[in-house]
Number of protein chains: 2
Amino acid sequence: MVISSSQSSSAEQQSCPHNNAISCGNCRLGSICLPLALEGEDIVKLDEIVQRGRPIQKGEHLYRESDNFSSVYAVRSGVIKAYRITNDGQEQVTGFYFPGEIIGIDGISKDQYACSAKALETSAVCEIPFNRLEELSRQVPSMQRHFFQLMSQEITMDQQLITMLSKNSAEERVAALLISISARNARRKLSKTSFRLPMSRTDIGNFLGLTVETVSRVISRFNKQGLIAVESKEVTLLDLEGLKDIANIKIDF
Amino acid sequence: MVISSSQSSSAEQQSCPHNNAISCGNCRLGSICLPLALEGEDIVKLDEIVQRGRPIQKGEHLYRESDNFSSVYAVRSGVIKAYRITNDGQEQVTGFYFPGEIIGIDGISKDQYACSAKALETSAVCEIPFNRLEELSRQVPSMQRHFFQLMSQEITMDQQLITMLSKNSAEERVAALLISISARNARRKLSKTSFRLPMSRTDIGNFLGLTVETVSRVISRFNKQGLIAVESKEVTLLDLEGLKDIANIKIDF
DNA sequence: GGGTTTTCCTGATGTAGGTCAACGTGTTCT
DNA sequence: AGAACACGTTGACCTACATCAGGAAAACCC
């Protein structure tokens, strides 16, 4: 079944309506997901190995835990949730991936994905077959460097989350997540203060190591205090500085 | 100042008493820290870039957070603690590194180390200058693959820790750490049931997101229940299966 | 070798956030 | 449109772990 991608309506998609016209060279996410140093010729090489598939519907999986690892994916539009199932059957959300971000690199170590990846809304991704990427990395030093950096960045982000989970209060965690989403929106030239939370409260709680009830209470409290204005999933950050004070950490995850 | 390395007395050191006689080819940790696929000739190439420095004394730093990144390090003997300082000045332990394990790759993303690395006991490390490693990775595909895997492994380990911090009880966490250390000892052909905890209770608590008191209480409880036998830092795991039941997770961090 | 400092243990008490429960509000399906 | 269901909010209560506090035992160090 082929689904026409022109139905998609996210901000990112609108700017490049025809799928087959998209290339890494003209993608407006390039500066986020690509090495800035990549030269014209090298972008063409990268372009050749990148596969742009049909959109993924909300709730659909990009891949599942323990599927054979073959590709990493760049999110082009939508939001992807990464999660794993613990031994006792609980879900643990390990990250949310926004446009321009790369997902799937945790699969390299064991040649199978360590997480499942599920679309939280209709999403589009660029598939990058890993063996071709490895080849390209050998030919193009800046590409190799970029990929090492990307992986290292994932590590430092995880370490920030570790720190948060072991040291910060519920309010600090929720504030940190709001600021993180805000910052990632800003990178994509979207509003830094007004956006839609693509994930459920349950997912937020799960990611932050809190229960739904606690997340809900903290958000309500922020709302009452005039720090934010919430209407279900729509959020406006009214006092970004105040939130940063509460979060009390430098974040870029 | 040069410190004679013959003073060192750890198990790993004893097997290769003369520093300058050590090479990646004859190091008994090779199968842990090196790509298994590396061929004779390639090991020589790796050997040429690896620098074996003087031992690091207990409490000494290998590098500090925000030092310029230049090298990754393979622990040859001893134990290294990685930690970062949070905005409000608290320490957060992000990992313990045993012989055969690689530390420092978190520094790649920003070209400066994201953590500080401190020796918990007199240790020896192999320094691997990263730019030379990058070069070598381009020439030797299996080397590049190995390094990607190493980084990816660090990510999955961090994600396991994240899961533990957000889902597991104090007892589960402590049991998991004990089993992890046991497993890492086994990899090095050391006792899986009897060893010395190289880190303080404070460090354990910090790493596991618990207070010293809680760690101490849990360890005492395990002791009373006959799961382990502790005398200060010396531990014997009396009921490995029982501990695994408690830990309730597959661990390899 | 004895004093100082650090580490470890254990008990008493407090609290942030979990649990349980009930109800309101969207969303989906027929 | 109305039933069925997932999601979100709020309140009352509870518990695992933090905090505070004191004392014992190592470890360090003139």
Side-chain angles (χ1 to χ4, degrees), chain A residues 57-60 81 88 90-93 118 120-122 164-178 196-225 228-235 246 248, chain B residues 57-60 81 86 88 90-93 118-122 164-178 196-225 228-235 246 248:
Chain A
Q57 296 304 120
K58 176 176 177 169
E60 218 179 304
K81 169 177 93 169
D88 49 330
Q90 297 174 80
E91 181 173 316
Q92 171 67 48
V93 175
K118 190 180 186 175
L120 291 178
E121 52 190 55
T122 306
M164 199 158 79
L165 290 174
S166 94
K167 295 249 157 26
N168 292 101
S169 68
E171 296 211 343
E172 290 168 333
R173 297 182 207 187
V174 174
L177 179 64
L178 290 173
R196 187 170 190 285
L197 288 174
M199 68 293 278
S200 70
R201 304 288 138 109
T202 307
D203 283 339
I204 293 176
N206 196 316
F207 177 65
L208 297 176
L210 303 168
T211 56
V212 212
E213 292 94 326
T214 302
V215 173
S216 181
R217 274 187 258 266
V218 170
I219 290 180
S220 298
R221 211 176 307 149
F222 284 173
N223 194 38
K224 271 180 205 132
Q225 293 169 335
I228 61 176
V230 234
E231 187 161 350
S232 81
K233 304 214 158 188
E234 292 297 333
V235 193
I246 291 172
N248 186 36
Chain B
Q57 295 304 120
K58 177 176 178 170
E60 219 180 302
K81 169 178 93 170
T86 62
D88 47 332
Q90 297 173 79
E91 181 173 317
Q92 170 68 47
V93 175
K118 191 180 186 174
L120 291 179
E121 51 190 56
T122 306
M164 199 159 78
L165 290 174
S166 93
K167 295 248 155 32
N168 292 103
S169 68
E171 295 210 344
E172 290 168 333
R173 296 182 208 187
V174 174
L177 180 63
L178 290 173
R196 188 171 190 284
L197 288 174
M199 68 292 278
S200 69
R201 305 288 138 108
T202 308
D203 283 339
I204 293 176
N206 195 316
F207 177 65
L208 297 176
L210 303 168
T211 57
V212 211
E213 293 93 327
T214 302
V215 173
S216 181
R217 274 187 258 265
V218 170
I219 290 179
S220 299
R221 212 176 307 149
F222 285 173
N223 194 38
K224 271 180 206 134
Q225 293 170 334
I228 62 175
V230 235
E231 187 161 347
S232 81
K233 302 215 159 188
E234 292 296 334
V235 195
I246 292 173
N248 184 35

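Only heavy atoms go into these numbers, but all of them, side chains included; no hydrogens, no water, no symmetry mates. We name chains A, B, ... by the order of the sequence lines, and we start the count at 1 in each one.
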Test B:Ile204 against B:Val93 for side chain to side chain contact (heavy atoms under 4.5 Å, CB included), laying out the working first. CA-CA 8 Å; B:Ile204 293 176; B:Val93 175; over 6 Å; no

Side chain to side chain contact (heavy atoms under 4.5 Å, CB included) evaluation trace for A:Thr202 with A:Val215: CA-CA 8 Å; A:Thr202 307; A:Val215 173; over 6 Å; no

Could you go through A:Val174 and A:Leu210, starting from their C-alpha distance and side-chain angles, then the distance that decides it, and tell me whether this counts as side chain to side chain contact (heavy atoms under 4.5 Å, CB included)? CA-CA 9 Å; A:Val174 174; A:Leu210 303 168; 4.2 Å; yes

Assess whether side chain to side chain contact (heavy atoms under 4.5 Å, CB included) is satisfied between B:Leu208 and B:Thr214, documenting all intermediate values. CA-CA 11 Å; B:Leu208 297 176; B:Thr214 302; over 6 Å; no

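If you take CG of B:Leu165 and P of D:dA16, they are 19 Å apart, rounded to a whole angstrom. Between A:Asn223 atom CG and D:dT9 atom P there is a gap of 9 Å when expressed in whole angstrom units. The separation between B:Leu208 atom CG and D:dA16 atom C1' is 16 Å, rounded to whole Å. In this structure, the CZ atom of B:Arg196 is 11 Å from the C1' atom of D:dA27, given to the nearest Å. Between the C1' atom of C:dC9 and the NZ atom of B:Lys233 lies a distance of 14 Å, rounded to the nearest Å. Put simply, CZ on B:Arg201 is 14 Å from C1' on C:dT10, counting in whole angstrom units. In this structure, the CG atom of A:Leu197 is 16 Å from the C1' atom of C:dG26, given to the nearest Å. One interatomic measurement links the two molecules: NZ of B:Lys167 to C1' of D:dC17, which rounds to 18 Å at whole-angstrom precision.
Rounding to the nearest 0.5 Å gives a distance of 13.0 Å between OG1 of B:Thr86 and CE of A:Met164.
Under the side chain to side chain donor-acceptor pair (under 3.5 Å) criterion, A:Ser169 pairs with A:Glu172, not counting sequence neighbours. For the salt bridge (Lys or Arg N to Asp or Glu O under 4.0 Å) test, residues two or more places apart in sequence or in another chain that qualify with B:Glu171 are B:Arg221.
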Within the sub-3.5 Å range, which N or O atoms of nucleotides 16-22 of chain C have a protein N or O partner, and how far apart are they?
from	atom 1	to	atom 2	distance (Å)
C:dG17	OP1	A:Ala170	N	2.7
C:dG18	OP1	A:Gly209	O	3.4
C:dG18	OP2	A:Thr211	N	3.2
C:dG18	OP2	A:Thr211	OG1	2.9
C:dG18	OP2	A:Thr214	OG1	2.5
C:dT19	O4	A:Arg217	NH2	2.9
C:dC20	N4	A:Glu213	OE2	3.1

List every contact pair, protein side and nucleotides 22-25 of chain D side both N or O, where the distance is under 3.5 Å.
none

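Side-chain N/O atoms of B:Lys167 and A:Gln90 include no donor and acceptor closer than 3.5 Å.
Overall bending of the helix from C:dG1-D:dC30 to C:dT30-D:dA1, expressed as the angle between end axes built from five pairs apiece, is 60° (10° steps).
Counting heavy atoms from C-beta outward, B:Ser200 and B:Lys233 have side chains that approach closer than 4.5 Å.
Checking the phosphate oxygens (OP1, OP2) of D:dC28, a side-chain nitrogen or oxygen of B:Lys58 falls inside 4.0 Å. Remark: A:Ser220 is in phosphate contact with D:dT10, judged by side-chain N or O atoms under 4.0 Å from OP1 or OP2.
Annotation: B:Lys58, atom NZ; neighbour count of heavy atoms from other residues, nucleotides and ligands within 6.0 Å does not exceed 12.
At the heavy-atom level, B:Ser200 lies under 4.0 Å from the strands shown only through sugar-phosphate atoms.
Legend: salt bridge (Lys or Arg N to Asp or Glu O under 4.0 Å) pairs involving residues 203-216 of chain A, not counting sequence neighbours, sorted by first then second residue: A:Lys81-A:Asp203.
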